[in-house]
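Heads up: the structure comes next, in structure tokens.
FYI, side chains are in, hydrogens and waters are out, and symmetry mates aren't considered; it's all heavy atoms of this structure. Chain naming here is simple, since letters A, B, ... match the order of the sequence lines and numbering starts at 1 in each.
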Amino acid sequence: MAMTMHVDIVSAESEIFSGTAEMVLAPALMGEVGIMPRHTQMLTPLKPGEVRVTREGGEQEYYYVSGGIMEVQPHVVTVLSDTAVRAADLDEAAALEARNHAEQALKDRSSSMDYAKAEAELAQALAQIRMIQKVRKNTGG
Amino acid sequence: MASGKEIRTQIKSIKNTQKITRAMEMVAASKMRKAQDRMRASRPYADKMHNVIHHLAYAHPEYRHHYLLARENPQRVGYIIISSDRGLCGGLNNNMFKDVLADMRGWREKNIEIDLCTIGQKSSQFFKRFANITAQAVQLGDHPGVADLIGTVKVMLDAYDAGEIDRLFLAYNRFVNTMTQQPVVEQLLPVEPDGKEKELAYHWDYLYEPDAKAVLDGLLVRYIESLVYQGVVENVACEMAARMVAMKSASDNAGDLIDDLQLVYNKARQAAITQELSEIVAGAAAV
């Protein structure tokens with residue numbers, strides 16, 4: 001029987017594949033790589049593309065990854081797949097958005113609308129409780 | 001003495017409130033189950049990521065990333081604070097805020113400035129008064145994705161890269177079980193070795209493609225993101241659990257109130273009947 005290794009493909013939001021395999025083909029940043037058991041330790045980013053896993057007996061399974069990182073240990077291959085499409089400028093845009101959000105919230109004091117609403121509701125509820133207690137006291141119940 | 005009608009209106013309004021709280025309780029219960037599933041689904045990634053980072057500490061790389069190096073004498077620290085967007089979940093958020101404030105006071109006493117990054121409406125509103133918020137993400141909903149967090153995390157990582165902050169902490173609620181949620185404040189950066197490492201007999205290092213710096217940059221950013229994401233997902237589960245418990249006790253309290261009021265109402269009615277009867281009897285006797 002051919003040698004096998006353990007392969008895990010996971011993304012931050014779910015586990016995609018976990019099992020043994022004879023070979024893994026992955027789209028590494030520098031070109032496609034094929035990993036077989038007893039490969040030396042390696043760390044490489046992945047490009048968006050498909051990861052091909054050859055199970056025992058030659059059966060092939062395909063998984064799409066939108067980029068990520070692959071760690072290779074002699075008997076374990078771990079693919080940490082991204083859930084979002086990553087690119088430096090996209091990340092930058094997301095960061096900018098988060099920053100703007102914070103600034104806007106500081107400027108825009110009316111964003112405490114929700115707070116005011118909640119406060120009003122609370123006041124109402126308190127008044128209700130007070131009223132009930134009064135009723136109870138008056139009737140001696 | 002309150003009249004019968006007044007009390008009846010009271011009872012009715014409390015019953016309406018009870019209906020709402022009971023509905024919210026059930027909604028929270030079903031959402032909690034889903035949130036727990038998501039929490040479990042994201043755990044393998046976090047574990048694997050942790051393993052890789054751990055291996056990295058075993059390896060003897062020629063390049064040490066600055067996320068892994070301790071910095072002496074911090075001048076400024078950063079916090080990423082995860083809270084819920086909505087309230088009505090008991091003391092969940094406030095308990096955590098209290099812990100964070102205590103932590104922050106420690107830094108302030110040493111004259112160390114604080115930068116914040118808030119995730120969730122509640123923390124934005126609360127910490128606006130206490131410190132400088134540099135980034136925030138709100139309205140992530142019940143299905144937060146990693147994509148929603150990339151921006152906020154990057155703001156803090158950039159600040160760390162630029163040397164503006166020397167420590168980065170993450171504050172969120174850890175889901176223990178339905179009844180227990182534990183507020184935690186963890187250090188994200190610099191990445192602290194967990195003390196379990198032992199020296200290996202032989203030295204090895206990874207093959208890095210294309211080069212160590214590019215790979216480790218990508219890896220460590222993802223590591224931090226996965227920790228933050230895990231925090232967010234746990235926090236959602238906590239929020240739902242806390243809301244379920246809070247709404248259950250609200251429903252129970254409403255039930256107690258209704259029972260009490262019902263008793264008052266019955267007494268008032270009985271008193272009115274007795275009075276009427278005695279009036280009739282008195283009237284008949286007078287004739």
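A distance of 9.5 Å separates CZ in B:R222 from OG in A:S81, rounded to the nearest 0.5 Å. Here CG of A:D82 is found 5.5 Å from OH of B:Y45. Values are rounded to the nearest 0.5 Å. Atom-to-atom distance recorded for B:K48:NZ and A:E15:CD is 6.0 Å, nearest 0.5 angstrom.
When each of B:T134, B:D47, B:T152, B:T118 is scored by its heavy-atom pairs under 4.5 Å with chain A, the top score falls to B:T134. Ranked by heavy-atom pairs under 4.5 Å with chain A, the first of B:G145, B:A41, B:A214 is B:A41. Heavy-atom pairs under 4.5 Å with chain A peak, among B:M49, B:R86, B:R38, at B:M49. Ranked by non-hydrogen atom pairs under 4.5 Å with chain A, the options B:A212, B:A137, B:P210, B:S226 are led by B:P210. Of the listed residues A:V10, A:L43, A:T78, A:L29, the one with more heavy-atom pairs under 4.5 angstrom with chain B than any other is A:L43.
At a 4.5 Å heavy-atom cutoff, A:V76 makes no contact with chain B through either its backbone or its side chain. Neither the backbone nor the side chain of A:S18 comes within contact range of chain B, judged by heavy atoms closer than 4.5 Å. Only the side chain of A:E71 has a heavy atom closer than 4.5 Å to any heavy atom of chain B. No part of B:V233 comes within reach of chain A, as not one of its non-hydrogen atoms sits under 4.5 angstrom from that chain.
A:L80 places a side-chain heavy atom less than 4.5 Å from the side chain of B:L219.
Every residue was checked against the ring pair (Phe, Tyr, Trp, His ring centres under 6.0 Å) condition with B:Y229, not counting sequence neighbours, and none meets it.
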